[in-house]
Amino acid sequence: MAAAEDELLLPRLPELFETSKQLLDELEISTEPTGSRIIKDKVFKGLDLLKKAAEMLSQLDLFSQNEDLEEIASTDLKYLMVPALQGAFAIKQVNPSKRLDHLQWAREHFLNYLTQCQHYHVAEFELPKTKTNSAENNTANSSMAYPSIVAMASQRQAKIERYKQKKEVEHRLSALKSAMESGQADDEHVREYYLLHLRRWIGISLEEIESIDQEIKILREKDSTKEASTSQSSRQDRPPMKPFVLTRNMAQAKVFGTGYPSLASMTVNDWYEQHQKFGALPDQGIAKTTSGKGRSS
């Protein structure tokens with residue numbers, strides 16, 4: 001009996017979805033600073049609600065890889081948007097030390113949504129390249145400028161097409177919104193309304209992944225620059241070597257020492273030992289056997 005009462009108190013799937021969507025809408029129009037407590041609380045709550053919604057969808061087994069889009073009930077279509085909403089909340093998290101993790105997590109959610117939509121043939125689009133494919137593509141095109149120009153032109157055309165589709169979708173959604181809110185929409189219009197939302201989020205997800213990939217690249221380049229700077233500063237910490245006259249043996253050192261009183265003089269062996277002491281020798285430095293021969297001669 002107690003278990004049944006607890007189940008009644010738990011939020012239902014529609015409530016989880018609608019509340020999280022409302023929170024996201026509030027975040028989109030909010031003028032509060034992104035690092036404010038109000039924004040952080042809404043982001044945290046939205047992620048928590050969507051996590052519960054995703055777990056509930058998995059338990060209910062609402063969507064199957066073996067069914068077509070037409071087999072999904074009109075009122076259930078909206079739940080396909082859950083991964084996209086998770087990505088939208090994830091990217092709004094503010095923590096500089098974990099920014100890279102948040103970006104990668106958001107990208108994963110957006111990509112899951114796009115993969116799901118492609119499986120159900122919600123719209124015609126090309127999935128973003130995976131890390132492996134992207135690396136192979138960059139290697140292949142690194143020495144060829146022409147394919148890069150073609151790729152840029154193709155991306156630009158794709159963005160133009162997405163923009164046109166976005167405007168068409170928004171216009172149609174605006175026309176259907178009043179009927180949906182009044183509860184007067186029939187099943188055909190309900191289905192069209194949610195399919196339009198799915199297509200809208202396809203465009204958003206593609207744009208977000210492009211932005212995420214650019215930001216990840218910048219963050220990694222910044223980390224590489226920091227590492228290089230740290231390595232260079234450590235090399236500069238070595239004490240500078242004083243100028244000197246390099247001689248073949250002690251006899252020459254005495255001669256040059258008297259002729260150039262302002263400069264120190266040392267033999268090749270002395271020079272080698274001093275550089276070895278300060279760790280200033282390259283990997284291909286003078287071999288010990290060579291030093292031995294120098295002494296014998």
Side-chain angles (χ1 to χ4, degrees), residues 3-4 6-8 10-22 24 46-91 104-134 136-137 158 161-162 165-166 168-170 172-173 176 179-180 183 185-210 212-213:
D6 289 340
E7 288 182 4
L8 290 173
L10 291 173
R12 296 183 305 114
L13 183 58
E15 294 171 1
L16 292 170
F17 180 84
E18 293 300 333
T19 305
S20 60
K21 193 170 182 302
Q22 183 181 349
L24 185 59
L47 286 169
D48 184 57
L49 292 173
L50 288 169
K51 181 182 178 182
K52 292 176 181 176
E55 290 172 351
M56 198 171 291
L57 285 171
S58 178
Q59 292 171 1
L60 294 171
D61 199 18
L62 201 59
F63 305 116
S64 171
Q65 295 293 316
N66 299 322
E67 64 182 354
D68 296 326
L69 186 66
E70 292 75 17
E71 298 177 66
I72 301 175
S74 298
T75 52
D76 291 340
L77 286 171
K78 60 185 177 183
Y79 300 125
L80 288 170
M81 290 187 282
V82 167
L85 299 182
Q86 285 178 297
F89 274 105
I91 206 171
Q104 292 172 332
W105 190 40
R107 191 187 196 280
E108 184 180 341
H109 284 306
F110 284 127
L111 190 59
N112 286 344
Y113 172 72
L114 292 172
T115 304
Q116 184 176 246
C117 287
Q118 192 173 71
H119 168 76
Y120 286 115
H121 304 289
V122 175
E124 290 296 325
F125 64 93
E126 187 175 342
L127 279 175
K129 290 181 173 63
T130 60
K131 293 178 182 178
T132 303
N133 290 340
S134 180
E136 290 175 354
N137 189 60
E161 289 298 323
R162 286 206 303 266
Q165 292 172 6
K166 178 183 176 182
E168 292 173 2
V169 167
E170 288 177 350
R172 185 57 184 156
L173 279 172
L176 291 170
M180 289 293 296
D186 57 19
D187 185 73
E188 183 180 348
H189 286 118
V190 169
R191 190 170 194 83
E192 182 186 3
Y193 181 75
Y194 288 129
L195 283 173
L196 286 169
H197 268 296
L198 291 175
R199 288 167 189 153
R200 174 175 173 268
W201 274 100
I202 287 173
I204 292 173
S205 298
L206 290 170
E207 290 175 358
E208 290 292 2
I209 286 179
E210 285 183 6
I212 287 170
D213 288 345

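We number each residue from 1, following the sequence as shown.
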By salt bridge (charged side-chain N to carboxylate O under 4.0 Å, His left out), Glu207 pairs with (sequence neighbours left out) none
Problem set entry | side chain to side chain contact (heavy atoms under 4.5 Å, CB included) evaluation trace for Gln116 with Leu80 | CA-CA 8 Å; Gln116 184 176 246; Leu80 288 170; 3.5 Å; yes
All heavy atoms of Ala106 vs all of Gly87, minimum pair found to be CB-O, 3.7 Å
Under 3.5 Å: donor-acceptor pair, side chain of His189, backbone of Leu176: no
Side-chain heavy atoms of Ile212 within contact of Phe110, under 4.5 Å
yes
In this structure, CD of Glu18 is separated from NZ of Lys21 (nearest 0.5 Å) by 7.0 Å
Run the numbers on Asp187 and Arg191 for salt bridge (Lys or Arg N to Asp or Glu O under 4.0 Å), then give the verdict.
-> CA-CA 6 Å; Asp187 185 73; Arg191 190 170 194 83; 5.6 Å; no
_Any Tyr194 side-chain heavy atom under 4.5 Å of Met180 side chain_ = yes
Open item on the list: Using modelled atom types and a 3.5 Å cut-off, is there a donor and acceptor pairing between side-chain atoms of Glu67 and backbone atoms of Ile72?
Closed with: no
Contact between Lys166 and Arg162 at the side-chain level, heavy atoms closer than 4.5 Å - yes or no? no
Is the closest side-chain donor-acceptor distance between Asn112 and His109 under 3.5 Å? no
Is it the case that the side chain of Asp68 and the backbone of Glu71 share a donor-acceptor pair, with hydrogens and angles ignored and the cut-off at 3.5 Å?
no
Got a donor-acceptor contact below 3.5 angstrom from the Arg200 side chain to the Glu170 backbone?
-> no
- Does any N or O in the side chain of Ser20 come within less than 3.5 Å of the main-chain N or O of Phe17, such that one atom is a donor and the other an acceptor? yes
Review point. With a 4.5 Å limit on heavy-atom distance, are the side chains of Leu195 and Leu198 in contact?
Key: yes
Minimum side-chain heavy-atom gap Trp201-Cys117 below 4.5 Å
no
Q. Is a side-chain donor or acceptor of Glu208 paired with a backbone partner of Ala88 at a separation under 3.5 angstrom?
A. no
Rounded to the nearest 0.5 angstrom, the CG-OG1 distance for Leu127 and Thr115 is 5.0 Å
- Within-4.5 Å side-chain heavy-atom neighbours: Gln165 and Arg199: no
Would you mind reporting whether Met81 and Lys78 have side-chain heavy atoms less than 4.5 Å apart? yes
Notebook entry, point to check: Within a strict 4.5 Å, meaning less than it, do heavy atoms of the His197 and Leu77 side chains meet?
Noted result: no
Shortest non-hydrogen pair, Pro128 vs Leu114, comes out as CD-CD1, 3.8 Å
The reported gap from CG in Leu24 to CG in Leu50 (rounded to nearest 0.5 angstrom) is 8.5 Å
Short question: side chain of Tyr113, backbone of Leu85 - any donor-acceptor pair under 3.5 Å? no
Rounded to the nearest 0.5 Å, the CD atom of Gln104 sits from the CG atom of Asp213 at a distance of 10.0 Å
Shortest non-hydrogen pair, Arg172 vs Leu196, comes out as CG-CD1, 3.2 Å
Tightest non-hydrogen contact, residues Glu126 and Leu206, listed as O-CD2, 3.9 Å
One should read off an interatomic distance between Lys129 NZ and Ile209 CD1, to the nearest 0.5 angstrom, of 12.5 Å
Rounding to 0.5 Å, atoms CG (Leu57) and CZ (Phe63) come to a distance of 6.0 Å
